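Right, one structure below, let's go through it.
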Amino acid sequence: MAETKMTLLDKKDVKKVWFNWMWLNLSTQNMERMQAPALVRALWTVKDKLYPGKREKQKDLMERNMEFFNTEPIWGGCIIGISLAIEEEKAMNDEVPDELSSSIKTALMGPAAGLFDSLFQSTLIPILLAIGIGISSETGSIVGPLLYIALFWLIVPTVSWFLFYNAYRLGLDGVQTILTSGLKDKVISAANIVGLTVIGAVTASTCNIKTGLMYTQGDLVINVNDIINNIQPKILVLIMAFVTYYLLAKKHVSVNKLMILMLIISVIGYFTTILA
């Protein structure tokens, strides 16, 4: 006969912690604690279930989780699920050391950020944007943005809750198995390839740079832009993409400064007919 494990929290309690983390994970972010205040706020919702009437124990719970914590917050929130399982076990068993939860979070937050940043920000979001932009780029239809919003809110919370709840159920073994296996590096590599491919495709299909330069010799008029595109279509876009990458990655120019620079170049290029 299977042994039934005693628990203090039910599924509703776990969902309450997830919901608070999901919506507040970056709301109180600071350079000293990063996402720790949001974690404390999420655990605050179940403090009375873990330590009913024990104010000092509740204070210890909050203090334990105020240490620096930073990871990919949406899908990486599965670490909070593991931490919640540890805190629940500690509430039932005083032999669980205080530093266990902290050690697990510290060990997993870096690898989880690498894995889920690749899957979420570098893969899923570009793919959804490519679908939406592809639908609306020619017609300007509102269907593209609406489809992006619908798919985002269908996929992201669903996957986030699935990872969070199963990480809670599986305790330490859940995310740790994935992150410490050789599969992690393969997943990250594959996700990076897919993400970069999508970004390249979106850049080539949505960005357009033309030169207005004309070469005139008597009655002969040559459109320089046509010659450039005959050599390599969208080569000006490719050059600008590499220049942008160089300024961002190598010269550490901020995005705001880069946008202002592009705006200035566009205005000057338009009035001088270098750009069309």
Side-chain angles (χ1 to χ4, degrees), residues 7-9 11 13-47 49-50 60-93 96-125 155-188 191:
T7 60
L8 299 175
L9 305 177
K11 190 173 183 178
D13 296 320
V14 178
K15 185 169 288 188
K16 192 185 300 182
V17 175
W18 167 77
F19 186 83
N20 275 267
W21 169 258
M22 183 74 174
W23 287 102
L24 300 174
N25 52 65
L26 298 178
S27 62
T28 55
Q29 187 173 20
N30 60 76
M31 297 309 295
E32 182 183 4
R33 307 285 184 176
M34 295 304 282
Q35 299 163 2
L39 171 57
V40 169
R41 175 63 182 86
L43 293 175
W44 177 265
T45 61
V46 293
K47 66 179 178 23
K49 276 290 197 74
L50 295 177
D60 291 341
L61 170 67
M62 301 297 106
E63 290 177 1
R64 272 198 306 274
N65 289 279
M66 271 301 289
E67 295 180 355
F68 179 93
F69 178 73
N70 188 41
T71 191
E72 192 286 313
I74 307 300
W75 293 350
C78 56
I79 299 175
I80 309 304
I82 295 176
S83 182
L84 179 61
I86 296 173
E87 292 294 352
E88 184 179 17
E89 184 67 29
K90 179 170 178 58
M92 296 184 293
N93 181 4
V96 176
D98 289 350
E99 61 271 16
L100 179 59
S101 177
S102 175
S103 299
I104 293 300
K105 287 185 295 183
T106 302
L108 294 181
M109 65 182 182
L115 174 61
F116 294 120
D117 277 338
S118 298
L119 292 176
F120 180 63
Q121 298 181 26
S122 302
T123 303
L124 176 65
I125 298 302
I155 296 172
V156 173
T158 302
V159 176
S160 176
W161 167 244
F162 174 82
L163 292 173
F164 188 99
Y165 185 63
N166 281 281
Y168 163 76
R169 288 178 57 220
L170 297 173
L172 299 180
D173 294 332
V175 178
Q176 202 170 25
T177 299
I178 298 174
L179 297 178
T180 58
S181 67
L183 184 63
K184 182 203 70 173
D185 294 332
K186 294 179 181 179
V187 170
I188 292 176

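Residue numbers count from 1 along this sequence. Below, each value reflects all heavy atoms present in this structure, side chains not excepted, and no hydrogens, waters or symmetry copies. Remember, it's a predicted structure, so these values are computed and weren't measured experimentally.
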Pairwise distance CD1(Ile86) to NZ(Lys90) - rounded to 0.5 angstrom: 11.0 Å
Tabulate below the donor-acceptor pairs under 3.5 Å that side-chain atoms of residues 70-80 make, not counting sequence neighbours, or state none.
unit_1 : atom_1 : unit_2 : atom_2 : d
Asn70  : OD1    : Gln35  : NE2    : 3.1
Thr71  : OG1    : Met109 : O      : 2.9
Thr71  : OG1    : Ala113 : N      : 3.4
Glu72  : OE1    : Ile74  : N      : 3.3
Glu72  : OE1    : Trp75  : N      : 2.8
Glu72  : OE1    : Gly76  : N      : 2.9
Glu72  : OE2    : Ile74  : N      : 3.1
Trp75  : NE1    : Val156 : O      : 3.4

Listed partners of Asn20 passing side-chain contact (heavy atoms from CB on, under 4.5 Å), at least two apart: Lys16, Leu24, Arg41, Ala42, Thr45
Within the structure provided, determine whether Val159 and Leu124 are in side-chain contact (heavy-atom separation under 4.5 Å). no
From CG (Leu50) to CD (Glu89), nearest 0.5 Å: 11.5 Å
A quick test of your reading: do over 12 heavy atoms of other residues, nucleotides or ligands sit less than 6.0 Å from CZ of Phe68? yes
Considering non-hydrogen atoms only, spot the tightest contact between Ala85 and Tyr168 and give its length. CB-O, 3.4 Å
Distance, nearest 0.5 Å, that separates CD1 of Ile125 from CZ of Phe120: 4.0 Å
Please assess Leu9 against Val17 for the test side-chain contact (heavy atoms from CB on, under 4.5 Å), listing each intermediate value before the final yes or no. CA-CA 11 Å; Leu9 305 177; Val17 175; 5.8 Å; no
Rounding to 0.5 Å, atoms CZ (Phe69) and CG (Leu108) come to a distance of 8.5 Å
Side chain to side chain donor-acceptor pair (under 3.5 Å) contacts touching residues 156-165 (sequence neighbours left out): Trp18-Ser160
Drop me the distance from Lys49's NZ to Leu8's CG, to the nearest 0.5 angstrom. 8.5 Å
Side chains of Val40 and Arg33, heavy atoms from C-beta outward: is any pair under 4.5 Å? no
Sidechain N-carboxylate O distance under 4.0 Å for Glu87, Arg64: yes
Atom pair CD1/CG of Ile82 and Asn166 - distance to nearest 0.5 Å: 11.0 Å
Does the side chain of Asn65 come within less than 4.5 Å of Lys105's, by heavy atoms? yes
